[in-house]
Every structure is written in C-alpha cells, then in structure tokens.
Protein chains: 2
Amino acid sequence: MASAGHYVGLDVGGTTMKAAVVNDEGLPLSTPVVMATEPERGQDAGLETMCETIRRAVAAAKLTMTEITAIGVATPGLMDIKAGLILDPPNLKPWKNVPVRDHIQKAFGLPTVYQNDANAATYGEYWVGAGREARSMVMFTLGTGVGGGIILDDFIVEGEHSHGGELGHMRIESPAHGRLCGCGSRGCLEAYGSASSVVRRTREELATYRGPSKLKEYYTANDDVLTAKVIFQLASEGDALAMEIVDDTAYYLALGACALIATVDPEMIVFGGGMAVAESFRAKIHEYTTRFGLPHPVKKVKIAFAKLGSDAGFIGTGGAARLALRQGKV
Amino acid sequence: MASAGHYVGLDVGGTTMKAAVVNDEGLPLSTPVVMATEPERGQDAGLETMCETIRRAVAAAKLTMTEITAIGVATPGLMDIKAGLILDPPNLKPWKNVPVRDHIQKAFGLPTVYQNDANAATYGEYWVGAGREARSMVMFTLGTGVGGGIILDDFIVEGEHSHGGELGHMRIESPAHGRLCGCGSRGCLEAYGSASSVVRRTREELATYRGPSKLKEYYTANDDVLTAKVIFQLASEGDALAMEIVDDTAYYLALGACALIATVDPEMIVFGGGMAVAESFRAKIHEYTTRFGLPHPVKKVKIAFAKLGSDAGFIGTGGAARLALRQGKV
C-alpha cells in the first residue's frame, strides 16, 4: 500500500542505541540495528552515531529516506521533552543540553518526535503489546531501577517538567520507615521492586536466615553473582526463603499498582523486565493489588506482563512519532 | 454576543445541589440556585429536583432554555462516568444505578455532560481559578475526606473505572505502618490530611501532651466542638502543639504532592478546602515537597491554594460541559 507509513524508532541507551523502521501496524521491518553509544566520545559524535543508526535502520528495512514518514528518538532522562533536549542524564555523561530533536530533524528533513525512553517503551506495549486492547495503561519496568510510563486514551503523560511516569520514585513507604533509594530519598518503589533491590533484600535476609535454603547454599558459593533471576528460579523450585523474597516483591509492586489506581485508574497495569515472567508472580501481584487497592476499580483492573521485551523501546519510539503526527503535534 | 455559550453547571451533593449558568469566560451569570437533595425521597424525586434546579438556574440567569448551549452535571462517586450513571454512592442512599445524564439530556433536549464532582471542581480551578495559567494541574480538596482531581492539558483524568483522581486513597504510608482510613485500608492520605484527621490526630496528641497549650485548654472546655479551623487558628497564634499538628499536616500533604509529581508531574498542585488559607501553611507544604520530591521537577512545580471556594463545583461542571463540547465528545 503506497500510502502506508514508515516510522524510524531510535532508542538511545547509555551503552547501545537501537533502531528499526516500524509500519502502521507496529511491525518492525527488520531486526533492529544496534550501535555503541559511547557517550564518552562526546555529544557531537553521539548525534552522528544516532544519524548513522537511523540510516542503517532504513537500509535494513530496504527503504530509502524518501519513504520514511517520521522519525522518533527516545533517550533516558534528564531531558526537556517539549524542547527536544537531552539535559544531563547520568548514563550519558558528559553530554549536556544536546538539541537531539532539532539536529535529527535538520539532518533528515523529516518530522521528528522526541520522547522519554520509558514512556516510549510503555507506548510500544500499549500500541501493539500487552495493552493492545486497553484504552489506558500504566507500565512498570523492573530492571536495575524501576522505570515507568502512563498512557491515557492515546495521551502520553510526559509531565510538565518531563518527569511524567517516574514510577520508581513514587513512594510505597514513608520517608520515616522507607528503604534508602539510589536517588537519595527513602521509601521509593525502586528501593523495593527493582531487580537490584531484590538482590539487596535477599542479601540482607541471608545475613540472619537460619533455615535450610538452596538460596543460602547458592549464595555462599556465588555471592558475587547473585541475581534476581536466580532468586526467582529458586522460588519456582520451592525454596522457602526465595519464595518469601518473591512474595514480598509482589506485595511491593502491588502497592505501586494501588497508587496508580488511586491516581489515574488505568484499564491495565503492565510489568516488564526480566523478573516479569512467571504467571504465579503475576497472580500474586494481582492478589495483593486486589487486597490493598480501591475496592471498586481493583475488581476490574487488568494486571499483565509486557510482551515485547526490549523491542518495546524502538517500536514505541516509532509509534510515538506516528501518534504525534496523527494528533497534529508535529 | 449572540453566539456566546451558556453552560448550566449542576453540582449535586448529599445534602444540597447547586446550579448556575456560566459563560465562556467561566463567570456565573447569577448566584447559584441551591435546593435540598433529600436522597431519602428516592431517585425519581432526586432527578426531578435536579431538573428543577437547572430550570431555576436558567431563570436566575435571566435566560430561557433555548439560550443554553449545554448542561453539566456532577455527582459524588460511586459512578460510571462514561455511562452517565450514578451507581450507589454512600451519601446518596438509597439511590442506585440512576441514569442521570440520559434523564437530563432527554428532559431538556440539550447536550449533557456527566462528571465526578471532585474532577469538576478541579476543572473549575484549572479553567478560571488558581490554575488558570497552568497547562496541567492536580487538586487536593481537604474536607471531611480528601478529594482530588487531575487535569493534564485539558484532559480530565476520569479513570477507566471512574476512579481517576481518588487522591485521598493514595497511600503516604505503607499498610504496615499506616493509620486506618475510613475506607478500611491503612496509610491513605485521607487518614492524615483531611480536616477530620487533623482533629483526630490532635485528640491523640492531647491524650499524652504535657506542655502548656492553649489548644489543650480549648479542648478541655470544648472537646465536642474541636475543629481543624480552631487548630489552625491557634497555630497561627503561636500555640506549640497546634503548630506541630499543622506542621505534620503540611508534611503529609507534601508526601501526597510528591507522589503526584512522580506520576503525572503537573505544572501546579492546588490545595482547596477550609484548611487551605494561610500562606505560612502553603509555604510549609511547598518546603516539604521540595525536600521530599523528585529534585528536578520540585524546583519548578507551583504549589497554590484554590481560589473559587465551593463555587469551583458548579463553575467546573459547566466548564466540563463546555470542554466536552469543544472536544467533540458530545
């Protein structure tokens, strides 16, 4: 179909950047092109790598630039989404005030849309992933930290200061009782629900745990390589301590879900990242959400796991470009 | 101007309902008409009272029905906003499944828009009150409970299950440590920041407080009429215990503000209700928000008090009707 759209989605991370062209159905036209970000080479080199990644993605899709409808670029915060600026995010040091949107727009002469990477990944899941049928969706991404995004009726909640959907820094415990978060505050969801925090909480438990435990045996032999994946695996094999850690994690994430229910009351809440795999874990999050959330909406809210994996980033970034174009925002 | 719009805003509460016609600038064309709701007389009587209140409001504005552009109706939850239904809210007993929007639409043959009362009041402040200049705004209304609403770029966050902006039931303390809320859960903002909770926390403090205190003297003489207003008044006169209660209240409300900053990151956060008066209280909320919120957006977020008082309800309800019409939703 000659009139069909082609959107480049470029997802820039601290280590690599990935891009692919997606069509109007959210299907990537090739496997993503991956290039090293190497922020230490400076922001001019970074901008050039972005352009090169875009060019290669278009070539990989067997298209020419004239066949591209729009370009989406997503980066990790801090950023000014409206101004199209990367400010000074910790994982892109020493970049500072990089006019990424304008640069790419000028380089290719195409409508270019800039978005936060977590918002873009959430939009990807909303558009063609777990939330495909949902009108509104919140996503929590569980990794080293806890990322997030909120989409309400095709409206991406960017926030007035580009901090919309910073769900890892929503508190689930007051500063008086809360665990210390990497951000310096206490009680943030990230200090409880990230993969790193699962490991950290496990180490703490192991320090005093007296029962028999495969987890303890594993840890004694491999304390330097303890991961959330191992802990979840041992829980699935019935290890009591690992099960307790996983159960606590479900409870903490459910408190996060409950907070979103009381604020934006979405149709669906999605969890993504390496820990969001086992149906039993999903069911536990759902159970705790039902127990601790507002009685009326918790009966109806859907709790699901993400479907697109790390592809959500570039797919959602291309999708965000398409959405902005359709909404007349570019 | 013949083409100017006239919107009836009808704000239905458990005790009274209020209506007035507002124009395109959000100005009421008369003082509001107030009628008793008397839910105990049944829902058919209630619907008739609503229609009568609307008729009287139009008459009070010296207009005829043919000069009305649209009608807005707001009620307290539980409700189904999309379906235009009052479900079974506790303060409108014994009403159940009342098709309020369709009834009023048929009665007058005019576009009719249904909204949650707290969302409508928030929209009122956003449209022509404290948030007039803001692109996005969250409001907390402090009364017997804590109500709330979220408006993002002219989008009223209704929620998928009509529970958007139930900010009183967002937790600021985990269930493990939290105060019991009227809803049966623990840790809800409402259990800390409502006027009733201010009184309850004061009574608890007084039980063990040993210092000299005007508040203690007042309470000993008037324990049955202790109100948040008195407590705030005594704080402004320098009573140490009252000041501590007010300070704690500012801290709790700031934690609520911080949660909204990490989720929707609004341009402005507004507090309304009888306690939201003194500039020193506003400044304290702002100070705690700066201390406990996300570093980047807290530097820019505006913290303000509501300006329209109880008029926000009917003004915002009329405004919500106008907004829906302009957005092509009715």
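So that the names make sense, note that chain A is the first sequence line, chain B the second, and so on, each numbered from 1.
For Ser136(A), the parts sitting under 4.5 Å from any heavy atom of chain B are the backbone and the side chain alike. Looking at Ile261(A), the atoms closer than 4.5 Å to chain B (heavy atoms on both sides) all sit in the backbone: N, CA, C or O. Contacts between Phe155(B) and chain A at a heavy-atom distance below 4.5 Å involve the side chain alone, from C-beta outward. Contacts of Tyr251(B) with chain A are made by side-chain atoms alone, with heavy-atom separations under 4.5 Å and no backbone atom involved. Contact annotation for Val264(B): both backbone and side-chain heavy atoms come within less than 4.5 Å of a heavy atom of chain A. Contact of Thr263(B) with chain A is made through backbone and side chain together, with heavy-atom distances under 4.5 Å. Contact of Pro297(B) with chain A is made through backbone and side chain together, with heavy-atom distances under 4.5 Å. For Leu152(B), the parts lying under 4.5 angstrom from a heavy atom of chain A are both the backbone and the side chain.
Under the salt bridge (Lys or Arg N to Asp or Glu O under 4.0 Å) criterion, Arg201(B) pairs with no residue at all, not counting sequence neighbours. Remark: Asp154(A) pairs with no residue by the salt bridge (Lys or Arg N to Asp or Glu O under 4.0 Å) rule, at least two apart or across chains.
Contact annotation for residues 172-184 of chain A against chain B (heavy-atom separation below 4.5 Å, listed by residue number): Ile172(A), Glu173(A), Ser174(A), Pro175(A), Ala176(A), His177(A). Interface residues of residues 119-133 of chain B toward chain A, defined by a heavy-atom distance below 4.5 Å: none.
Counted within 6.0 Å of NZ on Lys82(B), heavy atoms from surrounding residues, nucleotides or ligands total more than 12; the atom is thus considered enclosed.
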Check the pair Arg186(A) / Phe292(B) against side chain to side chain contact (heavy atoms under 4.5 Å, CB included), numbers first and verdict last.
-> CA-CA 9 Å; Arg186(A) 287 188 175 273; Phe292(B) 291 102; over 6 Å; no
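Ranked by non-hydrogen atom pairs under 4.5 Å with chain B, the options Arg171(A), Glu267(A), Glu160(A) are led by Glu160(A). Of the listed residues (His163(A), Glu166(A), Glu158(A), Lys299(A)), the one with the most heavy-atom contacts under 4.5 Å to chain B is His163(A). Your options are His169(B), Lys300(B), Arg135(B), and the one with the most heavy-atom pairs under 4.5 Å with chain A is Arg135(B). Between chain A and the residues Gly159(B), Ala262(B), Pro266(B), the most heavy-atom pairs under 4.5 angstrom are made by Ala262(B).
Here the two rings, on His296(B) and His161(A), have centers that are 6.0 Å apart or farther.
Between the side chain of Asp265(B) and the main chain of Gly165(A), no donor-acceptor pair closer than 3.5 Å is present.
Distance CE/Met170(A) to CG/Leu294(B): 11.0 Å, rounded to 0.5 Å.
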